[in-house]
Every structure is written in structure tokens, then in C-alpha cells.
Amino acid sequence: MADLKSFVLGRIRSVKYAFIGLYRLVSQEHSIITQLIIAGLATIAGFYFQISTTEWMMQIFSIGLVLSTEGINTAIEEMADFIHPDFHKKIGLIKDVAAGAVTISALTALIIGIMIYYPKLF
């Protein structure tokens with residue numbers, strides 16, 4: 001029974017730390033704030049154009065993909081800066097590749113957004 005209690009308390013602490021990380025990400029990272037504004041506008045557009053359930057699923061997935069990738073990118077950049085605060089060519093490459101991953105997810109979301117909203121606009 002003690003093992004189960006310890007397991008449950010450990011999971012509760014993990015969730016607590018995850019929400020602390022989410023709060024820090026949303027309150028301190030300008031790129032996430034920008035992405036959240038875009039996500040909010042897309043959500044408003046979804047209600048305005050009454051998109052289908054499938055379109056909502058794709059839109060929500062796209063928003064989650066971009067925000068998650070942005071969070072991972074931020075974590076990689078913070079870790080790289082902690083490990084090597086001065087300029088280093090390899091650290092620059094690592095940060096560029098992480099930013100490239102965000103770009104891929106953002107372009108994917110943009111294409112999905114165009115597929116959803118272009119027919120409704122024209």
C-alpha cells in the first residue's frame with residue numbers, strides 16, 4: 001500500500017511541475033505568446049466559419065503540435081545556453097536545428113489552416 005501511495009504522490013508532483021513549466025513557458029516566452037495569439041484567432045475563426053468536427057480535430061492537433069514543438073525548442077535553447085553560455089558553433093547548430101523543427105510544425109499548421117479556411121473564404 002505504501003508503494004501505491006508513493007507512486008500516486010510522485011505522479012501528482014510530476015503534474016504539478018508540468019504545470020509550473022507550462023506557466024513559465026506561457027508567461028516568459030514571446031514566441032509562445034505569439035503562437036497562442038494565432039491559436040486564439042484560429043479558434044475564433046473556427047467558431048465563426050462553423051468548421052466541421054474533423055476540421056476542429058486537425059486545427060487542435062496543429063495548435064498542439066506547434067505549441068509543443070515551441071516548448072521543446074525553448075527547453076533545448078535554455079539547456080544549450082546553460083551548458084555553454086558563450087557563442088559556440090556547435091551550440092548554434094543545435095539551436096538552429098531546434099528552431100527548424102518549430103518552422104516545420106508551423107508550416108504544417110499553416111498548410112492545414114489554408115486547407116480548412118481557403119474554401120470558406122473564396
Do side-chain atoms of [X] reach the backbone of [Y] as a donor and acceptor pair under 3.5 angstrom?
X	Y	value
Glu70	Leu67	no
Tyr48	Thr43	no
Tyr17	Ile12	no
Ser105	Val102	yes

If you apply the rule side-chain contact (heavy atoms from CB on, under 4.5 Å), what do you find for His30 with Gln35, and how did you get there? CA-CA 9 Å; His30 297 291; Gln35 298 293 357; over 6 Å; no
May I ask you to test the Phe49-Leu121 pair for a side-chain heavy-atom distance under 4.5 Å? yes
Test the Arg11-Phe7 pair against the cation-pi criterion, namely NZ or CZ under 6.0 angstrom from the six-membered ring centroid and within 45° of the ring axis. yes
Group every Ile, Leu, Val, Met, Phe, Trp and Tyr by side-chain heavy-atom contacts under 4.5 Å, then state whether [X] and [Y] land in the same group.
X	Y	value
Met57	Ile60	no
Ile111	Leu65	no
Ile38	Phe47	no
Leu22	Leu36	yes

Measuring from Leu25:CG to Ile20:CD1, what's the distance to the nearest 0.5 Å? 13.5 Å
Rounded at 0.5 Å granularity, tell me how far CD in Glu29 sits from CG in Asn73. 8.5 Å
Of all heavy-atom pairs between [X] and [Y], which one has the smallest distance, and what is that distance?
X	Y	result
Val66	Ala109	CG2-CB, 3.7 Å
Ile63	Ala39	CG2-CB, 3.7 Å
Glu55	Ser52	OE1-N, 2.7 Å

Applying side-chain contact (heavy atoms from CB on, under 4.5 Å), run through Ile112 and Gln59 and close with a yes or a no. CA-CA 7 Å; Ile112 290 170; Gln59 181 166 300; 5.8 Å; no
Does Ile51 form a side-chain contact (heavy atoms from CB on, under 4.5 Å) with Tyr117? I'd like the steps, not just the answer. CA-CA 9 Å; Ile51 62 177; Tyr117 292 107; 3.8 Å; yes
Result block: side-chain N/O donor-acceptor pairs under 3.5 angstrom for residues 77-94, not counting sequence neighbours:
from: Asp81; atom 1: OD1; to: Lys95; atom 2: NZ; distance (Å): 2.7
from: His84; atom 1: ND1; to: Asp86; atom 2: O; distance (Å): 3.0
from: His88; atom 1: ND1; to: Lys90; atom 2: N; distance (Å): 3.1

Take atom CZ in Phe61; do more than 12 heavy atoms of anything else shown fall under 6.0 Å from it? no
Is the distance from the ring center of Phe122 to that of Tyr118 below 6.0 Å? yes
Show which residues join Ile37 in its hydrophobic cluster (side-chain heavy-atom contacts under 4.5 Å, direct or indirect), or state none. Ile33, Leu41
